[in-house]
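This structure is a prediction, so every number in the text was calculated from the model and none was measured.
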Amino acid sequence: MFHADEIAGLCYERFNQLPRRGKPEPGREWTLLAAVVQLTRCADTGDVLNDSHAEVIARRGCIRYLIQELHGAVSAGDSSVFCRADQRGKWKLKPGVSFLFFTSHTPCGDASIIPMTDSESQPCPLVTSVKGDGGTDGALKRKAEEPSEGRNTKLPRLEEQEIHLDDPKQASSKTEAPSQSHYPETPDSVGLHPQSVPDIHRTGAKCVPGGPADPLHPGVGYHSTGVLRVKPGRGEPTLSLSCSDKLARWAVLGFQGALLSHYLEEALYFSAVVVGKCPYNREAMHRALVTRCSQVSDLPAGFSPCPLEVFQSSLEFPFSQAQTELRHQAGQGRISPCGAAISWCNVTEQPLDVTANGYKHGVTRKALGTAKARRTDLQTYLDYKQASESYQQAWTELRGQAFPLWPRGDRDLLLFH
């Protein structure tokens with residue numbers, strides 16, 4: 001058994017061991033860190049990434065690792081993760097193997113709408129809507145990145161080498177450097193009630209069109225809770241949903257995705273989510289990641305809403321926005337989020353991947369639009385995704401019962417080779 005601090009410390013240590021390329025400039029740039037950690041009980045076509053938030057990149061790295069492990073299991077019977085399932089041609093996790101999700105900051109979106117104490121202030125400007133030439137709110141101007149949004153419990157033992165670390169916009173740090181920033185503790189029992197809290201932390205993630213909008217009232221009435229939100233971030237608005245929504249989806253459909261579902265007997269679920277030191281509220285996390293989908297039913301065999309556990313570490317990521325502000329010195333320029341995204345996972349080929357502002361690191365403007373600008377050699381996969389019938393059935397039930405406003409992406413983007 002170990003504590004949430006051990007998870008956070010291990011993830012920070014692994015990030016420190018990565019090369020300098022892509023990491024934030026100390027004292028001027030801040031970022032987020034996310035990782036998928038494999039736990040083991042001691043018993044036995046695009047050029048640009050539209051969604052490069054840490055949580056999403058971490059999950060992508062984990063899927064790469066799972067594909068490698070599945071290949072080893074099928075071709076040589078050698079895998080630390082998978083064993084044969086009862087159903088012919090299917091695989092399942094070995095006994096004692098599970099996966100945990102770590103994020104250095106409260107996920108953007110619904111989970112970050114949490115009570116504030118009197119001593120706290122809004123961490124950064126909000127994303128605002130700006131009238132376009134036609135007098136409509138169609139054009140969104142993103143004036144800031146996600147605002148600051150952010151217990152300690154025993155969990156099973158983990159193997160250090162099975163970390164799938166992702167740092168979209170990310171950072172580096174030392175676990176032994178204790179945080180000096182102050183986050184007043186928010187009681188888990190505190191809800192968004194005007195009589196109990198003066199204000200709430202705001203999220204830059206905007207409500208999905210067609211559903212309830214944010215009232216924008218002063219104080220606790222500023223946001224609607226429990227609704228789908230488009231992720232905040234720099235650049236042009238996209239249809240990518242917030243990290244809170246993605247985690248809630250994975251808690252029903254599994255984090256393995258449609259392609260791996262072809263080969264697995266059951267969906268793969270995170271056993272827990274651990275959050276680093278930051279503004280945080282357990283009630284809000286549970287609302288965003290679990291409660292919204294807990295009543296989804298009529299799912300195919302192998303799928304069910306996961307009773308996800310949430311914990312918080314007392315260790316802060318040294319490249320968090322708060323820590324960067326503390327260490328900022330005159331002459332360093334304006335504090336800003338880091339534009340690079342670093343992905344590392346425990347795979348044989350190309351374990352480290354760095355992108356800058358959505359583009360593969362090192363690609364020149366002249367090379368944009370060519371194969372050199374792409375992160376990997378892509379294969380056509382829309383038909384493979386649609387052919388995963390049980391996964392698509394589960395997604396249809398989840399969308400119909402809990403997330404009817406989840407936007408449908410452009411299918412042409414999936415017709416790549």
Side-chain angles (χ1 to χ4, degrees), residues 36-41 43-44 55-56 58-75 77-101 155-156 162 164 241 244-273 286 288-310 381-404 406 408-409 414:
V36 177
V37 182
Q38 180 180 328
L39 309 178
T40 304
R41 289 199 299 268
D44 108 30
E55 292 88 339
V56 175
R59 184 249 187 175
R60 289 174 185 157
C62 180
I63 289 178
R64 287 190 64 201
Y65 169 73
L66 293 176
I67 291 174
Q68 175 180 278
E69 286 295 310
L70 184 60
H71 182 269
V74 173
S75 61
D78 179 23
S79 172
S80 62
V81 176
F82 295 114
C83 62
R84 292 189 180 277
D86 295 334
Q87 186 177 351
R88 181 178 176 83
K90 298 287 187 177
W91 301 80
K92 64 181 180 180
L93 292 181
K94 286 185 173 181
V97 173
S98 61
F99 292 87
L100 173 150
F101 193 88
L155 296 167
E162 309 302 355
H164 312 284
L241 275 289
S244 292
D245 300 328
K246 295 285 182 67
L247 284 164
R249 174 179 171 171
W250 301 338
V252 177
L253 303 184
F255 62 84
Q256 77 290 332
L259 299 186
L260 277 174
S261 294
H262 282 288
Y263 309 100
L264 301 180
E265 186 176 57
E266 298 179 338
L268 305 182
Y269 299 102
F270 295 124
S271 59
V273 172
H286 198 269
L289 308 188
V290 180
T291 306
R292 291 192 290 171
C293 304
S294 61
Q295 300 304 314
V296 173
S297 58
D298 298 324
L299 297 170
F303 297 87
S304 64
C306 177
L308 194 66
E309 296 186 90
V310 293
Y381 75 34
L382 176 60
D383 290 340
Y384 291 94
K385 287 171 67 71
Q386 295 298 329
S388 183
E389 295 181 2
S390 61
Y391 182 89
Q392 296 302 334
Q393 180 185 344
W395 180 212
T396 299
E397 293 293 345
L398 174 59
R399 188 195 297 270
Q401 297 180 47
F403 295 144
W406 195 289
R408 298 179 184 273
L414 304 180

Using the side-chain contact (heavy atoms from CB on, under 4.5 Å) rule, take L259 and I63 through it: C-alpha gap first, then chi angles, then the decisive distance, then the call. CA-CA 10 Å; L259 299 186; I63 289 178; over 6 Å; no

E397: which residues meet the side-chain hydrogen bond (donor to acceptor under 3.5 Å, both in side chains) condition with it, sequence neighbours left out? Q401

Within a strict 4.5 Å, meaning less than it, do heavy atoms of the Y65 and V36 side chains meet? no

In this structure, which one of E265, E69, R84 forms a side chain to side chain contact (heavy atoms under 4.5 Å, CB included) with W91? R84

Separation between CD of E309 and NE2 of H286, rounded to the nearest 0.5 Å: 9.0 Å

Any donor-acceptor N or O pair under 3.5 Å, side chains Y391, Q256: no

For W406, is there any backbone N or O sitting under 3.5 Å from a side-chain donor or acceptor partner on R399? yes

Say whether, by atom type as modelled, one donor and one acceptor occur between the side chain of K90 and the main chain of H262 under 3.5 angstrom. yes

Spacing of OG belonging to S388 relative to CD belonging to Q393, to within rounding of 0.5 Å: 10.5 Å

One should read off an interatomic distance between L100 CG and L308 CG, to the nearest 0.5 angstrom, of 9.0 Å

CG on L253 to NZ on K246, rounded to 0.5 Å: 12.5 Å

Can you name the nearest heavy-atom pair linking F82 to L264, along with the distance? CE2-CD2, 3.6 Å

If you compare all heavy atoms of P95 against all heavy atoms of C83, which two are closest, and at what distance to 0.1 Å? CD-SG, 4.5 Å

Given side chains that start at C-beta, do those of P305 and L299 come closer than 4.5 Å, heavy atoms only? yes

Could you go through D245 and R292, starting from their C-alpha distance and side-chain angles, then the distance that decides it, and tell me whether this counts as side-chain contact (heavy atoms from CB on, under 4.5 Å)? CA-CA 10 Å; D245 300 328; R292 291 192 290 171; 2.8 Å; yes

Closest approach of F99 to L93 (non-hydrogen atoms, all atoms of both residues): CE1-CD2, 3.9 Å

Between S79 (side chain only) and A73 (backbone N and O only), is there a donor and an acceptor less than 3.5 Å apart? no

Closest heavy-atom pair and its distance - L39, S271: CD1-OG, 3.9 Å

Main chain of K385, side chain of Q392: is a donor-acceptor contact present, judged purely on distance under 3.5 Å? yes

In T291, V296, L289, V290, the residue satisfying side chain to side chain contact (heavy atoms under 4.5 Å, CB included) with C293 is V296

Can you check whether Y269 and F255 have ring centres sitting under 6.0 Å from each other? no

Kindly say whether S98 contributes a backbone atom to a donor-acceptor pair with the side chain of Q38 at under 3.5 angstrom? no

Using atom types as modelled and distance alone, determine if a side-chain donor or acceptor of K92 lies under 3.5 Å from a backbone N or O of D86. no

Does L260 form a side-chain contact (heavy atoms from CB on, under 4.5 Å) with L70? I'd like the steps, not just the answer. CA-CA 9 Å; L260 277 174; L70 184 60; 3.8 Å; yes

Run the side-chain contact (heavy atoms from CB on, under 4.5 Å) test on F101 and L247 for me, step by step, so that the C-alpha distance in whole Å, both residues' side-chain angles and the decisive distance to 0.1 Å come before the verdict. CA-CA 10 Å; F101 193 88; L247 284 164; 4.2 Å; yes

In short, F303 meets V252 closest at the heavy-atom pair CD2-O, 3.9 Å

